[in-house]
Amino acid sequence: MCGRYVMARAAGDLVRLGGGMLPDETLELRPNWNVAPTADVPILLERAMDGDGAGASGGGEAPDGEVRRELHVARWGLVPPWAKELSVGSRAFNARSETVAQKPTFRAAVRSRRCAVPVEGYYEWKKPEPGAKGADGKAAEKQPFYVHPAGAGDGEGPVIWFAGLYEWWQDPEAKAAGEDAWVLSTSILTMAAPNMEAEDPLLAELGELHDRLPVPLGAEAMARWLEPGKLGSAEEAELLVDEVCAQAYGVASGWRLRPVGSAVGNVRNNGPELIEEPGEVQERLL
DNA sequence: CCAGACGTTGTT
DNA sequence: GTCTGG
DNA sequence: CCAGACGTTGTT
DNA sequence: GTCTGG
């Protein structure tokens, strides 16, 4: 699954990597090595220019029918339109691919508002084997790992694009007060992790790490996933979800993972040192 | 009919 | 144990 | 996801 | 908004 990740790139990098999309004018991104639910994160979405043609963000006129990729900032944790409070989103930062087309919280978004969430890598906490003991004889503690694209030097190289959803929400109180306070929010899809016995060693590692996997998009799947327009039915949405899940392990097999220090557990800690492998000395001291 | 939930993870 | 905040 | 709070009255 | 449980 995915409940914590790294996104330290500049918006300009994401524009380049995502394929010439226009950054939202309001886009302000701070490097973040410890992105947690409720944080503001960049998302990539496609929008069909229609009607007034007055492009609201970042780039002047566009003829009707043109599809644009745009980078926006969203709150991580999808807030459905009917929510009474923003906090509803803090428990919807992942959406199960198996049920996303049926769940009240996600089903409208999966038909009409799909996006891609760029990450440089994500964290996963591996549970100790039951009864496992640490060096001190006490119960072993969960171990955080950093999962990232192979060969990605820190701050360079490819990013992972996770399949995501977005939704717009207006605070009922703001609405009553006649204010124009809309919140864009997002969620990341998950699926079953690869089997621990998988032939591909990296997939086997992922299977041992956790039983859920955030769904990564290859270039082709991303193009399909982002296509704007409302899908005709929940069944149609399920087919598209199945399609992207079918290519996910192929993308994930190009990842690598490494153990990192326990500091990442606390969201107050934030810096490039979080993704460094702890040295042996440090490990002994822990 | 109204009231209340609407989610994921993991653990037992 | 369970919920909220980051 | 993990960490940290989990309560009241009243006062600054 | 829409579904489920009572």
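Basis for what follows: all heavy atoms, side chains included, without hydrogens, waters or symmetry-related copies.
- Within 4.0 Å of A/A92, counting heavy atoms only, lies no atom of the nucleic acid at all.
- A donor-acceptor contact shorter than 3.5 Å is absent between the side chain of A/W255 and the backbone of A/L202.
- At least one donor-acceptor pair closer than 3.5 Å links the side chain of A/R4 to the backbone N or O of A/V264.
- When the C1' atom of C/dG6 is taken as reference, atom CG of A/L86 falls 13 Å away, rounded to whole Å.
- Each of B/dC6, B/dT8, D/dG4 was ranked by its minimum atom distance to the side chain of A/P104; first place goes to B/dC6.
- In this entry the distance linking CD of A/E85 with C1' of B/dA5 reads 14 Å, nearest Å.
- For A/W82, the side-chain atoms get nearest to B/dC6 when compared with the rest of B/dC6, C/dG6, B/dT9.
- Salt-bridge check for A/R47 with A/E70: passed, with a basic side-chain N closer than 4.0 Å to an acidic carboxylate O.
- Comparing C/dG1 with D/dT11, their C1' atoms sit 33 Å apart, to the nearest whole Å.
- A/W161 has its side chain within reach of A/L17: a pair of non-hydrogen atoms, C-beta onward, lies under 4.5 Å apart.
- For B/dT9 and D/dC1, the P atoms lie 8 Å apart once the distance is rounded to whole Å.
- With respect to the salt-bridge test (charged N to carboxylate O, under 4.0 angstrom), the residues A/R212 and A/E98 qualify.
- Not one side-chain nitrogen or oxygen of A/R96 sits closer than 4.0 Å to the OP1 or OP2 atom of B/dT8.
- Annotation: B/dA5 and D/dA5 have their C1' atoms spaced 25 Å apart (nearest Å).
- Out of D/dC1, D/dG4, B/dT9, the shortest distance to the side chain of A/P37 is found at D/dC1.
- Straight-line distance between the P atoms of D/dA3 and B/dT8: roughly 23 Å, to the nearest whole Å.
- In this structure, A/T105 reaches the sugar-phosphate backbone alone: every heavy-atom distance under 4.0 Å involves primed, P, OP1 or OP2 atoms, never a base.
- Atom CH2 of A/W76 is separated from atom P of B/dT8 by 14 Å (rounded to the nearest Å).
- Contact annotation: A/N266 side-chain N/O to D/dG4 OP1/OP2 distance is under 4.0 Å.
- A gap of 13 Å separates the P atoms of C/dT4 and B/dC6, to the nearest Å.
- Proximity note for A/M1 (side chain, C-beta onward) versus D/dC1, D/dC2, C/dG6: the nearest is D/dC1.
- In this structure, A/T190 reaches the sugar-phosphate backbone alone: every heavy-atom distance under 4.0 Å involves primed, P, OP1 or OP2 atoms, never a base.
- Listed pair A/K126 / D/dC1 fails the phosphate criterion, with no side-chain N or O lying under 4.0 Å from OP1 or OP2.
- Of the candidates B/dT8, B/dC6, E/dT2, E/dT2 carries the atom nearest the A/R107 side chain, counting heavy atoms from C-beta on.
- Distance, A/N270 CG to C/dG5 C1': 16 Å, rounded to whole Å.
- Between A/S90 and C/dG6 there is no side-chain N or O to OP1 or OP2 distance below 4.0 Å.
- Here A/K127 reaches the OP1 or OP2 of B/dT11: one of its side-chain N or O atoms lies under 4.0 Å away.
- Between the CZ atom of A/F93 and the P atom of C/dG5 there is a distance of 15 Å, rounded to whole Å.
- Base pairing analysis places C/dT2 opposite D/dA5; the two distances defining the Watson-Crick or G-U wobble pair are each below 3.5 Å.
- Atom P of nucleotide D/dA3 and atom CD of A/E141 are separated by 9 Å, given to the nearest angstrom.
- Summarising the geometry, the separation between CG on A/L165 and P on B/dC6 is reported as 19 Å, rounded to the nearest angstrom.
- Put simply, the side chain of A/N34 gets close to the backbone of A/N269: a donor and an acceptor are under 3.5 Å apart.
- Nucleic acid contact for A/N34: none, since no nucleic acid atom lies under 4.0 Å from a heavy atom of the residue.
- The closest donor-acceptor contact from the side chain of A/E124 to the backbone of A/M1 lies under 3.5 Å.
- The stacking criteria are not both satisfied for A/W125 over the base of D/dC1, which would need a centre-to-centre distance under 5.5 angstrom and an angle between ring planes under 30 degrees.
- Straight-line distance from the CE atom of A/M191 to the C1' atom of B/dT8: 17 Å, rounded to whole Å.
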